[in-house]
Amino acid sequence: MSKQNWKPGTVLYPVPVVMVSCGNIDGEKNIVTVAWTGTINSDPAMTYISLRPSRHSYDIIKQSKEFVINLVTKKLAYSCDYCGVKSGKEIDKFKEMHLTAVKGAKVSAPIIYESPVNIECHVKDIIPLGTHDMFLAEVVNVSVSDEYFDKSGKFHFNKTNPVCYSHGCYYTLGEKLGGFGYSVKKKKGRKK
């Protein structure tokens, strides 16, 4: 086996597919797609998004200090792609994609109601990094669609048909390989 050396770059794929909503329910609102997002801290719950300053949503989020990360499902993949290639300067993406803007529980920014998970965020800091600026944010609320809970109250995210993004393409998730700790879990009937 041999390997090639590439120029420095970020090849951490796949990444989650998210639509970030911003603005406010009664004024200007927009949806931007973001590939650079993730968890920063557990307690307090913190996340980030990285945006190019040229994006229409950049100034909206910089001024409001709020945004919502909306997870994308197979049903929302077309809308997500559309929101990633069209500018909110020219169109109302909520209207064009028939998405429902509902005021967040703890932020003025709208959630995308059709998304099964909406993560409401307050910006704590903006860090210029080069091509993108990172918006560090505290998670202030998470809303989750009731239809994905079982009778015992467990949320089944896999039933939402989540989508990931890898090298320019959207994918649904595949086969489950095991749960956390499965590599060290005792097998039934096996004695040591």
Side-chain angles (χ1 to χ4, degrees), residues 13-40 45-124 126 131-145 147-148 157 160-166 168-173:
Y13 285 104
V15 295
V17 176
V18 301
M19 292 188 284
V20 174
S21 49
C22 57
N24 68 62
I25 201 75
D26 298 319
E28 182 179 19
K29 57 188 173 291
N30 194 38
I31 302 168
V32 60
T33 57
V34 174
W36 312 132
T37 185
T39 301
I40 294 176
M46 294 190 71
T47 187
Y48 76 94
I49 60 170
S50 291
L51 287 175
R52 292 180 184 270
S54 61
R55 299 293 296 265
H56 178 62
S57 293
Y58 179 95
D59 287 328
I60 297 171
I61 296 171
K62 188 175 180 179
Q63 290 172 6
S64 71
K65 302 273 193 276
E66 297 179 338
F67 60 87
V68 180
I69 297 173
N70 303 275
L71 301 188
V72 174
T73 63
K74 188 175 179 180
K75 286 181 189 175
L76 291 171
Y78 181 88
S79 296
C80 178
D81 185 68
Y82 182 90
C83 290
V85 297
K86 293 291 189 175
S87 173
K89 288 179 186 175
E90 301 157 5
I91 58 165
D92 179 341
K93 295 179 191 181
F94 280 96
K95 182 178 177 184
E96 290 297 316
M97 289 292 98
H98 308 286
L99 297 172
T100 310
V102 174
K103 185 188 173 304
K106 302 277 181 152
V107 297
S108 296
I111 68 168
I112 299 172
Y113 192 77
E114 290 78 7
S115 172
V117 179
N118 316 97
I119 305 166
E120 299 176 29
C121 303
H122 280 290
V123 175
K124 294 295 184 185
I126 303 170
T131 58
H132 292 67
D133 287 358
M134 180 185 288
F135 290 77
L136 295 174
E138 183 173 354
V139 175
V140 295
N141 189 62
V142 178
S143 56
V144 182
S145 299
E147 66 189 279
Y148 301 106
F157 182 64
T160 70
N161 285 317
V163 174
C164 64
Y165 184 80
S166 184
C169 296
Y170 303 97
Y171 296 92
T172 56
L173 300 184

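Values below: all heavy atoms of this structure, side chains included; hydrogens, waters and symmetry mates excluded.
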Would you sort out whether Glu114 and Leu76 count as a side chain to side chain contact (heavy atoms under 4.5 Å, CB included), showing the intermediate values?
-> CA-CA 8 Å; Glu114 290 78 7; Leu76 291 171; 4.0 Å; yes

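- To the nearest 0.5 Å, atoms OG1 (Thr73) and OH (Tyr148) are separated by 6.0 Å.
- The shortest distance between side-chain heavy atoms of Thr33 and Arg55 falls below 4.5 Å.
- In terms of heavy-atom proximity, Ser145 sits nearest to Ser115 at OG-O, 3.8 Å.
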Return a table of donor-acceptor pairs under 3.5 angstrom between the side chains of residues 82-89 and protein atoms on other chains or two or more places apart.
| from | atom 1 | to | atom 2 | distance (Å) |
| --- | --- | --- | --- | --- |
| Ser87 | OG | Lys89 | N | 3.1 |

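- With hydrogens and angles disregarded, a donor-acceptor distance shorter than 3.5 Å links the side chain of Asn118 to the backbone of Ile112.
- Within the structure, every pair that satisfies the salt bridge (charged side-chain N to carboxylate O under 4.0 Å, His left out) test and touches residues 131-142, not counting sequence neighbours, is listed here: Lys124-Glu138.
- The minimum heavy-atom distance linking Val32 with Lys93 is given by the pair CA-NZ, 4.5 Å.
- Between Lys29 atom NZ and Asp92 atom CG the span is 5.5 Å, to the nearest 0.5 Å.
- Contact of the Thr160 side chain with the Phe157 side chain is registered, since non-hydrogen atoms from C-beta on lie closer than 4.5 Å.
- At least one donor-acceptor pair under 3.5 Å links the side chain of Glu120 to the backbone N or O of Lys106.
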For the pair Ile61 and Ile49, evaluate side chain to side chain contact (heavy atoms under 4.5 Å, CB included) and give the outcome as yes or no after the intermediate values.
-> CA-CA 11 Å; Ile61 296 171; Ile49 60 170; 3.9 Å; yes

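- Taking every heavy atom of both residues into account, Lys74 and Val163 meet most closely at N-CG2, 3.4 Å.
- Within the model, atoms SG of Cys80 and OH of Tyr170 stand 5.0 Å from one another, a figure rounded to the nearest 0.5 Å.
- The two residues Lys103 and Ile25 come nearest to each other via the heavy atoms N-CD1, 3.7 Å.
- Among all heavy-atom pairs drawn from Ile111 and Phe94, the shortest one is O-CE2, 4.3 Å.
- The main-chain N or O of Gly38 is found under 3.5 Å from a side-chain atom of Thr47 such that the two form a donor-acceptor pair.
- Atom OH of Tyr13 has more than 12 neighbouring heavy atoms from other residues, nucleotides or ligands inside a 6.0 Å radius.
- For the pair Val107 and Val140, the minimum side-chain heavy-atom distance is below 4.5 Å.
- Proximity of Pro14 to Tyr171: side-chain heavy atoms (C-beta onward) are nowhere separated by under 4.5 Å.
- For the residue pair Ser57 and Asn30, a side-chain donor N or O sits within less than 3.5 Å of a side-chain acceptor on the partner.
- Distance CE/Met97 to CD1/Ile91: 7.5 Å, rounded to 0.5 Å.
- Panel note: side chain Asn70, backbone Val68; a donor-acceptor pair is recorded below 3.5 Å.
- Taking NE2 of His132 as the reference point, atom CZ of Arg52 lies at 4.5 Å (rounded to 0.5 Å).
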For side chain to side chain contact (heavy atoms under 4.5 Å, CB included), just list the numbers for Leu173 and Cys164, CA-CA rounded to whole Å, side-chain angles, deciding distance to a tenth of an Å, and then say yes or no.
-> CA-CA 7 Å; Leu173 300 184; Cys164 64; 4.1 Å; yes

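- Shown here for Ala101 and Pro110, the closest heavy-atom pair between the two residues is CB-CB, 3.8 Å.
- A donor-acceptor pair under 3.5 Å links the side-chain atoms of Thr37 to the main chain of Tyr48, judged by distance alone.
- Going from atom CD1 of Ile126 over to atom NZ of Lys62 covers 6.0 Å, rounded to the nearest 0.5 Å.
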